[in-house]
Amino acid sequence: ILMNRVIAAALAASVFVAPAFASTMTIVSESTAPMGDYADLLGASTNQLGSIPAGTATLSGNLTAPNDNIDALFLTIDAHTELVSASITTTGGSASMFATLLDSAGVTVFEEFFDANGTVDLLTLADTPLQEGTYNFAVGFISFEPGDPPAVSWTTNSVINEIPASPVPLPAGLPLLLAGLGGLYAL
């Protein structure tokens with residue numbers, strides 16, 4: 001009987017220390033974004049896309065000069081996850097472009113400048129992974145040929161890893177175990 005109580009206590013305790021991971025954002029394209037278009041201003045609050053789940057996340061959109069020069073959106077990296085790499089691929093007209101990411105304090109995490117029609121690494125494993133927080137991402141035109149306004153499609157691919165929950169260290173776990181066993185002995 002004592003062994004059954006010990007096993008039951010251990011199972012009950014594991015419920016309190018098991019990590020929980022939420023994933024609420026799937027592949028998002030501009031047509032499914034709020035209002036059918038990403039915001040045209042960095043920091044616009046209408047494009048809260050939600051949380052990026054662990055695994056691979058893809059965002060995509062379209063820019064058409066001269067009226068849709070920037071796509072900006074917010075995304076959240078959940079607790080117990082970290083963004084370890086991100087790239088952007090662009091196809092379409094000829095243009096000079098930028099991609100930028102700001103943290104919730106408005107500090108620039110990265111800012112890349114590139115020509116359309118290729119793939120650019122925005123964040124790699126050599127960089128510090130981005131952890132829990134809300135970030136503002138934007139991609140847009142810097143310049144294009146006058147009289148030839150481009151239409152460019154863009155797609156980001158990101159890798160998000162789960163951060164394993166830290167186990168209770170043995171010195172701290174031993175008093176918990178002893179207190180549980182003492183409680184069971186008292187029964």
message: side chain to side chain contact (heavy atoms under 4.5 Å, CB included), that's the test. Do F144 and N69 meet it? Break it down for me.
response: CA-CA 11 Å; F144 48 86; N69 293 322; 4.2 Å; yes
Check against side chain to side chain donor-acceptor pair (under 3.5 Å), N157 and S87
CA-CA 5 Å; N157 291 298; S87 64; 4.5 Å; no
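Of the inter-residue distances, the one linking D78 atom CG with Q131 atom CD reads 12.5 Å to the nearest 0.5 angstrom. Interatomic distance, F98 CZ to E111 CD, rounded to the nearest 0.5 Å: 7.5 Å. With values rounded to the nearest 0.5 angstrom, T91 atom OG1 is found 12.0 Å from W154 atom CH2. With values rounded to the nearest 0.5 angstrom, L102 atom CG is found 8.5 Å from F74 atom CZ. Summarising the geometry, atom NE2 belonging to H80 is positioned 7.5 Å from atom CD belonging to E132; distances are rounded to the nearest 0.5 Å.
Side-chain N/O atoms of T155 and S60 include no donor and acceptor closer than 3.5 Å.
Panel note: side chain D103, backbone T134; no donor-acceptor pair is recorded below 3.5 Å. Judged by distance alone, the side chain of T100 and the main-chain N or O of F110 form a donor-acceptor pair under 3.5 Å. Of the possible donor and acceptor atoms, one in the side chain of T90 sits under 3.5 Å from a partner among the backbone N and O of N117.
A side-chain contact (heavy atoms from CB on, under 4.5 Å) with S158 holds for exactly one of L83, I77, L59, T56; it is L83. Screening D68, T64, V152 against F141 for a side-chain contact (heavy atoms from CB on, under 4.5 Å) leaves a single residue, V152. Partner of P129 under the side-chain contact (heavy atoms from CB on, under 4.5 Å) criterion, chosen from N161, I163, V84: V84.
The shortest distance between side-chain heavy atoms of Y135 and V109 falls below 4.5 Å. Counting only heavy atoms from C-beta outward, the side chains of S85 and V159 approach each other to under 4.5 Å. Using a 4.5 Å heavy-atom threshold, the side chains of L63 and D71 count as touching. Here the side chains of L123 and L130 are in contact, with some heavy-atom distance below 4.5 Å. Side chains of I160 and E82 form no contact here, defined as non-hydrogen atoms less than 4.5 Å apart. Proximity of N136 to L73: side-chain heavy atoms (C-beta onward) are nowhere separated by under 4.5 Å.
Across every non-hydrogen atom of E112 and L122, the tightest pair is CG-CD2, 3.7 Å.
Other residues, nucleotides and ligands contribute at most 12 non-hydrogen atoms within 6.0 Å of the CD atom of E145.
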